[in-house]
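Residue numbering restarts at 1 for every chain, and letters A, B, ... go by the order of the sequence lines. Just so it is clear, the values below take in all heavy atoms, side chains as well, and ignore hydrogens, waters and symmetry mates.
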2 protein chains.
Amino acid sequence: MNAWEILERKSIRATPARKSILEVLLKERCPLSYREVAARLPEGQDRVTLYRTLLLLFKEGIVHRVLDMKGTWRFCAHDSGHPGCPGNHPHFACRVCGRMECLIGSNLPFVEVEPGTEVEGKHMVIYGVCRDCLVKRTKKRGAGSL
Amino acid sequence: MNAWEILERKSIRATPARKSILEVLLKERCPLSYREVAARLPEGQDRVTLYRTLLLLFKEGIVHRVLDMKGTWRFCAHDSGHPGCPGNHPHFACRVCGRMECLIGSNLPFVEVEPGTEVEGKHMVIYGVCRDCLVKRTKKRGAGSL
DNA sequence: TACCTCCCCGCAACACTGTTGCATTTACCC
DNA sequence: GGGTAAATGCAACAGTGTTGCGGGGAGGTA
Ligand SMILES: [Mn+2]
Ligand SMILES: [Mn+2]
Ligand SMILES: [Zn+2]
Ligand SMILES: [Zn+2]
């Protein structure tokens with residue numbers, strides 16, 4: 001399903017800005033910050049429109065979002081094909097390269113809260129160093145010590 | 001253990017700023033944002049010193065920290081008596097009043113990540129509406145509809 | 001086609017968190 | 001009480017995200 005179809009199905013005006021932003025998120029398979037989306041867009045795209053569009057896509061359930069370890073929101077459309085429970089999975093964030101990926105293999109685990117509390121959702125971020133960054137680090141060390 | 005003892009034990013200079021900031025965190029039992037700490041401090045306390053102190057307390061393992069749903073760090077010293085695994089528990093954040101609390105009853109659940117990845121830690125935030133805010137909401141509705 | 005209305009967009013301004021550099025002051029050890 | 005390294009306060013900055021508003025364009029109606 002392409003960007004135009006997704007917007008049409010939600011009865012959202014398929015403007016050029018929305019289509020191109022959603023296309024970026026559909027192409028990349030991992031959560032992107034507004035800055036990373038902007039970098040993949042033709043220059044001159046307005047910052048506020050981008051923020052508003054990302055928020056719209058999120059509120060319409062087209063994308064899910066998650067806070068990274070710097071406190072910035074990242075948006076991801078990798079499961080926009082599955083209408084139900086979008087983003088109901090933990091995420092991994094690499095401390096070195098800053099990239100984030102969806103751990104779609106596992107669901108968010110159940111956690112008991114105080115009785116009388118109304119739970120609306122949960123976020124889980126596992127952080128550390130991704131495989132690519134570990135490989136690079138090993139190569140560097142190896143070259144230096146040999 | 002009071003603030004002075006904690007700082008002394010870590011061989012950290014016990015300045016007035018550090019003592020008063022740590023005292024605030026020791027008194028409140030839930031994670032506080034820099035703003036909330038500042039509000040409980042005598043006026044005139046420098047913003048940068050507060051940020052630096054909170055970071056120091058965190059890096060020394062005296063407090064733990066967690067990102068709330070607005071992307072701001074919150075610091076909590078409720079388990080500063082237990083030197084091991086500080087902050088290894090999920091947190092609940094109320095969408096209405098903004099308060100956060102530690103779910104010290106449960107540990108952070110295990111989640112499988114891609115092989116070859118180095119996991120350093122994990123964060124989990126359950127969000128919704130706390131009991132107090134639910135009670136207030138019910139009272140309001142009741143009064144209005146009667 | 002002409003008109004109307006709604007809403008999307010771009011711009012300016014703002015609020016807030018968090019960081020850095022530097023000069024001054026202070027806590028701690030002798 | 002000094003000496004020194006470290007902590008503080010101040011100014012400036014970067015970055016994210018929000019709000020208000022006016023113009024313009026898409027889509028509907030006659
Ligand atoms: Mn995801
Ligand atoms: Mn906690
Ligand atoms: Zn990485
Ligand atoms: Zn609440």
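- Sorted by residue number, the members of residues 42-53 of chain A with any non-hydrogen atom under 4.0 Å from DNA chain C read A:Gln45, A:Asp46, A:Arg47, A:Val48, A:Thr49, A:Arg52.
- One can place CZ of A:Arg65 at 16 Å from P of D:dT16, the figure rounded to the nearest angstrom.
- Distance A:Leu67 CG to C:dT17 P: 15 Å, rounded to the nearest Å.
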What donor-acceptor contacts under 3.5 angstrom involve side-chain atoms of residues 32-42 of chain A, with partners at least two apart or in another chain?
unit_1, atom_1, unit_2, atom_2, d
A:Ser33, OG, A:Glu36, N, 3.2
A:Glu36, OE1, A:Ser33, N, 3.0
A:Glu36, OE1, A:Arg74, NH1, 2.8
A:Glu36, OE2, A:Arg74, NH2, 3.3
A:Arg40, NE, A:Glu28, OE2, 3.0
A:Arg40, NH1, A:Glu36, O, 2.9

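- A distance-only check finds no donor-acceptor pair linking the side chain of A:Thr117 to the backbone of A:Val113 [under 3.5 Å].
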Between protein and nucleic acid, restricted to nucleotides 24-26 of chain D and to nitrogen or oxygen atoms under 3.5 Å apart, what atom pairs and distances do you find?
none

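- In this structure, the CD atom of A:Glu36 is 14 Å from the P atom of D:dG15, given to the nearest Å.
- For the salt bridge (charged side-chain N to carboxylate O under 4.0 Å, His left out) condition, the pairs that include at least one residue of residues 90-118 of chain A, sequence neighbours left out, are A:Arg95-B:Glu120.
- Rounded to an integer number of Å, the gap from A:Leu55 CG to C:dC8 C1' is 15 Å.
- With the end axes of the helix from C:dT1-D:dA30 to C:dC30-D:dG1 each set by five pairs, the angle from one to the other reads 30° at 10° resolution.
- We find that CG of B:Asp68 is positioned 12 Å from C1' of C:dC16, with the value rounded to whole Å.
- Separating the CG atom in A:Leu55 from the CZ atom in A:Arg65 is a distance of 6.0 Å, to the nearest 0.5 Å.
- Following rounding to the nearest Å, B:Lys59 (NZ) and D:dA7 (P) show an atom-to-atom distance of 13 Å.
- With A:Lys10 contributing its side chain and A:Glu60 its backbone, the two residues share a donor-acceptor pair below 3.5 Å.
- Taking atom CG of residue B:Leu7 and atom P of nucleotide C:dT26, one finds them 19 Å apart after rounding to whole Å.
- Closest to the side chain of B:Pro16, from the set D:dT8, D:dT16, C:dA27, is C:dA27.
- Rounding to whole angstrom units, NZ of residue A:Lys19 and C1' of C:dC8 are separated by 14 Å.
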Side chains of residues 121-136 of chain B: which donor-acceptor partners sit under 3.5 Å, not counting sequence neighbours?
unit_1, atom_1, unit_2, atom_2, d
B:Lys122, NZ, B:Pro109, O, 3.0

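- For A:Arg74 and B:Ile12, each mapped to the nucleotide of DNA chain D holding its nearest heavy atom, the one lying further toward the 5' end belongs to B:Ile12.
- By the 30° and 60° cut-offs, the orientation of the rings of B:Phe75 relative to B:Phe58 is perpendicular.
- A side-chain donor-acceptor contact under 3.5 Å links A:Thr53 to the backbone of A:Thr49.
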Discussion item. Is there a side-chain contact (heavy atoms from CB on, under 4.5 Å) between A:Ile6 and A:Asn2? Walk through the geometry before answering.
Written reply: CA-CA 6 Å; A:Ile6 293 173; A:Asn2 63 26; over 6 Å; no
